[in-house]
Amino acid sequence: MTLDFLAERFKAIPRSVWHQRMRQGDVVDEHGVQLTPDSAYQGHQRLYYYRVVPDEPRIPFDEHIVFQDEQLIVVDKPHFLPVMPSGGYLNETVLVRLKQKLGIDTLVPVHRIDRDTAGLVMFSVQPDTRAAYHALFSQRSVKKTYEAIAPWRGDLTLPMTRASRIVEAGHFMLQHEVSGAPNALTHIDVLEVRGDLARYQLRPVTGKRHQLRVHMAALGLPILGDGLYPTLTPEGQVDYAHPLQLLAKSIEFTDPINGRCRHFKSERTHSDWPDNNVQE
């Protein structure tokens with residue numbers, strides 16, 4: 001049982017406490033599914049405990065629902081708002097905000113984007129069809145398009161494909177490229193150039209953590225507002241006026257439940273792109 005694992009792994013916390021936490025729905029798996037005291041143990045599975053976060057400050061930006069039916073909810077997420085609870089974030093996450101707003105306890109994100117990234121995120125409503133939507137991403141059947149603002153380099157030949165091996169960099173916040181068989185693939189093109197900056201189109205084929213940020217930094221094109229690449233910003237220094245200029249702009253796929261072609265587009269724009277109005 002998962003309960004047995006938690007009691008054995010965290011000996012300082014009584015088994016009865018873990019039992020109560022699981023009964024309250026405070027322990028979930030990597031897909032956001034609540035685990036009960038009777039849930040079977042599965043090796044190599046990530047678990048999350050929704051601990052109480054005292055005095056959690058509100059993130060002053062709102063998510064927008066762009067689509068909702070009985071199976072799926074698509075949200076246009078602002079910068080700075082995490083998708084799921086972690087660290088010091090609980091109520092100020094897209095998942096918890098949606099559950100409170102819509103009263104749907106079965107909501108689970110089908111995929112995630114970084115807290116710093118704005119744009120589209122999909123949520124599954126029904127547990128019995130959830131696996132079909134997860135499979136879209138694991139089987140790379142979703143066409144994801146991002147946009148980013150970064151320095152312009154006229155010496156690069158675009159469009160191009162960046163294929164490399166990305167692994168953890170020794171700091172829990174960072175990833176980096178190493179030699180070896182590629183495990184990360186991104187198609188990169190330029191949409192527009194204005195002076196020293198350009199607006200790039202990024203289409204990730206794989207979904208490695210921080211993939212787009214790592215690939216752009218490795219090309220000498222660090223995304224504007226990036227507090228991780230190429231230089232790690234000290235923790236706690238959040239600048240709401242200058243968000244990461246990375247936007248999950250569109251998602252396209254064939255709905256596995258009804259066979260319809262789904263195409264969703266974010267209405268957000270880049271705040272640091274000249275002549276654009278900020279939409280948060």
Side-chain angles (χ1 to χ4, degrees), residues 59-64 66 74-81 83 112-121 142-164 166 173-177 184-234 237-252 263-280:
I59 295 173
F61 308 106
D62 295 318
E63 71 287 350
H64 304 294
V66 299
V74 182
V75 175
D76 202 353
K77 183 187 89 66
H79 295 285
F80 305 107
L81 186 66
V83 173
R112 304 179 205 174
I113 59 178
D114 294 340
R115 175 171 63 91
D116 298 332
T117 304
L120 300 180
V121 185
V142 178
K143 182 179 179 181
K144 298 173 290 183
T145 301
Y146 289 70
E147 290 185 6
I149 306 300
W152 168 240
R153 281 187 56 187
D155 58 318
L156 289 179
T157 301
L158 296 171
M160 68 176 296
T161 298
R162 182 72 174 187
S164 67
I166 295 178
M173 289 289 291
L174 300 177
Q175 306 282 97
H176 67 165
E177 292 185 333
L185 183 69
T186 304
H187 300 305
I188 303 172
D189 202 354
V190 61
L191 298 173
E192 189 177 3
V193 179
R194 295 185 185 181
D196 294 333
L197 297 176
R199 182 164 60 96
Y200 294 90
Q201 181 184 80
L202 311 176
R203 289 182 171 170
V205 178
T206 53
K208 299 297 292 183
R209 180 169 175 257
H210 294 173
Q211 175 177 319
L212 301 181
R213 300 164 76 167
V214 171
H215 276 170
M216 290 293 282
L219 289 169
L221 304 173
I223 300 173
L224 261 64
D226 197 334
L228 298 179
Y229 307 95
T231 303
L232 178 62
T233 301
Q237 295 187 11
V238 178
D239 186 357
Y240 286 149
H242 296 94
L244 174 70
Q245 297 301 297
L246 179 61
L247 174 61
K249 189 65 177 179
S250 68
I251 295 177
E252 187 174 354
H263 187 193
F264 304 107
K265 186 175 181 179
S266 171
E267 295 300 322
R268 299 183 186 275
T269 58
H270 297 280
S271 59
D272 284 350
W273 188 237
D275 300 326
N276 268 349
N277 296 317
V278 183
Q279 297 181 7
E280 288 289 5

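Model, not experiment: these values are computed from the prediction. Residue numbers start at 1 and run along the sequence shown.
- Summarising the geometry, atom OG1 belonging to T145 is positioned 9.5 Å from atom CG belonging to L202; distances are rounded to the nearest 0.5 Å.
- The shortest side-chain heavy-atom distance between H270 and L224 does not fall under the 4.5 Å cut-off.
- One finds a salt bridge joining E192 and R199 here, because a Lys/Arg side-chain nitrogen approaches an Asp/Glu carboxylate oxygen to under 4.0 Å.
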TODO: Evaluate side chain to side chain contact (heavy atoms under 4.5 Å, CB included) for L156 paired with L221, printing each intermediate quantity in order.
DONE: CA-CA 10 Å; L156 289 179; L221 304 173; 3.7 Å; yes

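- With hydrogens and angles ignored, the 3.5 Å screen pairs no side-chain donor or acceptor of D76 with any backbone N or O of V66.
- Counting non-hydrogen atoms of neighbouring residues, nucleotides and ligands closer than 6.0 angstrom, the CG atom of D239 exceeds 12 such neighbours.
- What you find for T206 and A184 is that their closest heavy atoms are OG1-CA, 3.1 Å.
- Within the 3.5 Å criterion, the main-chain N or O of Y200 finds no donor-acceptor partner in the side chain of Y146.
- Taking CE from M216 and CD1 from I149, the interatomic distance works out to 9.0 Å, rounded to the nearest 0.5 Å.
- In this structure, T186 OG1 and R162 CZ are separated by 9.5 Å, a value rounded to the nearest 0.5 Å.
- Nearest heavy atom pair, residue Q211 against residue P204, reads NE2-CB, 3.7 Å.
- No side-chain heavy atom of L197 sits less than 4.5 Å from a side-chain heavy atom of W152.
- For the pair I251 and S266, the minimum side-chain heavy-atom distance is 4.5 Å or more.
- Ring-plane geometry between F80 and F61 is classed as parallel, the angle between the planes falling under 30 degrees on a 0 to 90 degree scale with a further cut at 60.
- Heavy atoms only, all atoms of each residue included: P222 and P151 are closest at O-CD, 3.2 Å.
- When atom types are taken as modelled, the side chain of H79 and the backbone of L244 share a donor-acceptor pair closer than 3.5 angstrom.
- H215 NE2 to I166 CD1: the interatomic distance, rounded to the nearest 0.5 Å, is 4.0 Å.
- You'll find the side chain of Y229 reaches within 4.5 Å of the side chain of Q175, heavy atoms only.
- Taking CG from L120 and CD1 from I113, the interatomic distance works out to 7.5 Å, rounded to the nearest 0.5 Å.
- Atom OG1 of T117 and atom CG of L247 lie 9.0 Å apart (nearest 0.5 Å).
- Every pair passing salt bridge (charged side-chain N to carboxylate O under 4.0 Å, His left out) that includes a residue from residues 210-221 is listed here, sequence neighbours excluded: D114-R213, D116-R213, R213-D226.
- R268 contributes a side-chain N or O that, together with a main-chain N or O of K77, makes up a donor-acceptor pair within less than 3.5 Å.
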